[in-house]
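Notes for the one structure printed next.
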Amino acid sequence: MSAAHERTDGGGSPHGTAPGGEATAAFQVDLRGVVDLLARHLYSSPRVYLRELLQNGVDAITARVALEGPEAPSRILLRPLADGGLEVHDSGVGLTRDEAQELLATIGRSSKRDVELGSGREEFLGQFGIGLLSAFMVADEIELVSRSARPDPSGAPVAPVRWRGRADGRYELVELGPDGADAPVEPGSVVRLRPRRDTEHWLAPETVVALAQDFGSLLPVELLVETRLDEAPGGADAVGADARVVLRRLSGDELPWRAAHPTPAARDTALTGYAERTLGFAPLARIDLDLPLAGLSGVAYVLPAAVAPTTTARHRVYLKRMLLGSAVDDLLPPWAFFVRCVLDASVLRPTASREGLYEDEVLLATRDALGAQVRRWLLETLAADTVLARRFLETHHLAVRALALTDDEMLDVAARVLPFETTAGTGTLADLAEAHPEGRLLYTSSVEEFRRIAPVAAAQGLAVVNGGYVYDADLLERVAARFPRWRLSPVAATDVAHVLAEVEPLRELEVADALASVDAALAEQDCDVVLRRYEPDALPAMLLHDRDGDHAREAARVAETDDLWGEILAGISGPARPRRLVLNDANDTVRDLLASPDAEVRAAGARSLYVTAVLASGKPLQPVEAALMNDSLSLLLARALATPRPDQHTDPHIDPHTDEENR
């Protein structure tokens, strides 16, 4: 049966002699432990076993083409077995006995053949030994039968070999006779897997077909699967058939984005359909990607719906036309979260599991180059007012905002096309500046602040932009520096207060004492009180946030220290409160409140107006503010109903319903 026969337990001889005569020992490898390590920590799923076998087949075919020329056969056949096993045939270069011993008997050691079959050569996909080892995740036994395409140095044909390995670490390697039943007739290799009891589903025919389509649909070789005739799906591409089986082709002839089409519209339709099949959505737009120096080409598809900026963009990446992963991240800059890519590359370096990309200088340069191509498409799309540009802004305006934070050219575009919420309605900054050529443009840093002042600012003709949404405050700060003629600045309490009408001096003297008591009632809330007249008169009060007050209060905090800097600040800073409640003297409620002779009623009314102003901003009440509102309403209701408060003394012998004094 064989000219040579070798058996081993996988550990080899544990002892040896070093050049200096010292005894050495070799590590004993627990193959089951290694396989468990692969399954639990290196690979994300046992499903990658088929990818590794396909990679070995493609590399062997590549080596044979290099040996014999482009006319060499390029074919991989998947054959499900009746006992639940799987055969993988390839028409590759095959292995000699010495090559099989070198590649398969030692785990993790590099060899000269590694250079020829994977490591260090751009046209190869992976390493033969570790790829075959991954099949132990689904099988207890792996059998490899191979015939080499390389002739013997004497010119005679090389004898075929059979290697049979088991998950417990034992293997056997034999040379077969030229006419042996197991010997391949043509050069190439056959891998046979027999599943473990708990992994039969990974070798089931429908699973094998699904995995092969996923991993190998773009391979530049003929990938076939042998299917029973009664199981072949309708319309399958049968390249050969008999009474029992058909050969179904799973690989395509060309990359989808490089395939020829009669018209641009036909290409758009084809690539849209490809996105629907592979990514699961119909894209809003498509961006062609091409980096010849990186051996990269593909398509970036614009998502049809908005996603959060923190969403991890996961892309479908092929490495030398073998699927690397369908959820590869960090391929584009963070601001390009609105696209999903499908691409093929040849020089990017995969991680050890070959399911992601290694972060190196090549990947960094590729990321920048791909980002530049997406950026160019974005600038060209937004340069004109088209249907696509409007739909893109409606859906992915956050991406434009994110890029404009670091890109001056995109900042210029953003100021012209991005919509902002303003006191004049939704519009662009350029339009707002054109409508207020002589006035100042103000912006708030929070949504709550904008909601508090928007009604009054709009009534007074004050242009205020809501900068409280994601990216907007930082973006408006950059716009202010880039377009100084617009006089865009953060809003301050004085900006709003100054445009409101001052009350008449006589009126101011009339309510001075009442206003002072109201101001004292809100001191604990760090809030000043001022009186103005403004529209709309239905609004009793407006709460402003005073940034100057924030700075002064921080200075006062530092001044409490004993160091020299604290003493200096103490001399230049005075008492300040970060909020300002502007009472509207045109409102009847405010006038009645200030006219009340009861100091407790004035204090309770002022606190109620303060909490109402907080609520008007849409900000949820804090527990302290809720308690303040409850206490104030309790006092006001008690006075309105003329009922004694619990802390007031009452005589239990006097009937309040009959006694005239109590009435």
Side-chain angles (χ1 to χ4, degrees), residues 213-214 216-220 222-223 233-239 248-307 313-318 320-321 323 326 328 331-333 335-346 366 369-400 403 410 413 416-417:
Q213 286 179 318
D214 198 31
S217 61
L218 299 186
L219 286 176
E222 190 178 32
L223 177 60
D237 181 16
V239 297
R248 180 184 174 193
R249 182 167 182 166
L250 302 180
S251 58
D253 296 325
E254 185 56 274
L255 294 172
W257 47 89
R258 287 187 169 175
H261 296 279
T263 63
R267 183 172 187 266
D268 289 341
T269 300
L271 290 179
T272 297
Y274 180 74
E276 292 174 341
R277 293 191 303 273
T278 57
L279 301 179
F281 63 84
L284 182 65
R286 188 194 74 251
I287 308 169
D288 288 318
L289 303 175
D290 190 20
L291 296 176
L293 293 179
L296 183 149
S297 66
V299 183
Y301 290 103
V302 180
L303 292 171
V307 294
R314 301 191 182 278
H315 311 283
R316 189 175 182 88
V317 178
Y318 292 83
K320 307 179 187 74
R321 302 183 65 162
L323 180 66
S326 57
V328 178
L331 187 63
L332 291 176
W335 56 263
F337 54 84
F338 61 94
V339 296
R340 297 293 180 267
C341 297
V342 181
L343 56 83
D344 176 63
S346 60
T366 300
L370 291 176
Q373 293 191 4
V374 175
R375 174 186 177 274
R376 182 171 63 249
W377 175 88
L378 194 54
L379 289 172
E380 292 174 354
T381 299
L382 298 179
D385 184 16
T386 62
V387 174
L388 176 59
R390 290 193 295 270
R391 289 184 60 191
F392 180 85
L393 285 174
E394 290 173 359
T395 309
H396 298 297
H397 61 91
L398 285 179
V400 180
L403 181 56
M410 185 56 69
V413 174
R416 180 175 54 83
V417 303

Nearest non-hydrogen partners of Pro283 and Thr272, listed with the distance: CD-CG2, 4.0 Å

N-O pairing of Arg316 and Asp214 below 4.0 Å: yes

Separation between CG of Asp290 and CD of Gln373, rounded to the nearest 0.5 Å: 7.0 Å

Heavy-atom closest contact (Thr395 atom, Pro304 atom, distance): CG2-O, 3.9 Å

Let me have the donor-acceptor pairs involving side chains of residues 273-282, under 3.5 Å, with sequence neighbours excluded, atom names and distances please.
{"unit_1": "Arg277", "atom_1": "NH1", "unit_2": "Gly273", "atom_2": "O", "d": "3.4"}
{"unit_1": "Thr278", "atom_1": "OG1", "unit_2": "Tyr274", "atom_2": "O", "d": "2.7"}

Polar side-chain atom of Arg321 near backbone of Leu218 as donor-acceptor pair, under 3.5 Å: yes

Residue pair Leu378 / Leu403: nearest heavy atoms and the distance that separates them: CD2-CD2, 4.1 Å

Flag side-chain contact, heavy atom, 4.5 Å: Leu303 against Leu284: no

Flag, side chain of Arg375 to backbone of Ala336, donor-acceptor distance under 3.5 Å: no

Nearest heavy atoms of Ala384 and Ala389, plus distance in Å: O-CB, 3.4 Å

Within 6.0 Å of CZ in Arg391, more than 12 heavy atoms from elsewhere: no

Lys320/Asp344 ion pair, N-O < 4.0 Å: no

Side chain to side chain contact (heavy atoms under 4.5 Å, CB included) assessment of Val374 paired with Trp335: CA-CA 10 Å; Val374 175; Trp335 56 263; 4.0 Å; yes

Closest heavy-atom pair and its distance - His261, Pro256: NE2-O, 4.3 Å

Side chain Glu222, main chain Arg249, donor-acceptor under 3.5 Å: no

Donor-acceptor contact below 3.5 Å, side chain Tyr301 vs main chain Leu271: yes

Distance (rounded to the nearest 0.5 Å) between Leu289 CG and Leu343 CG: 6.5 Å

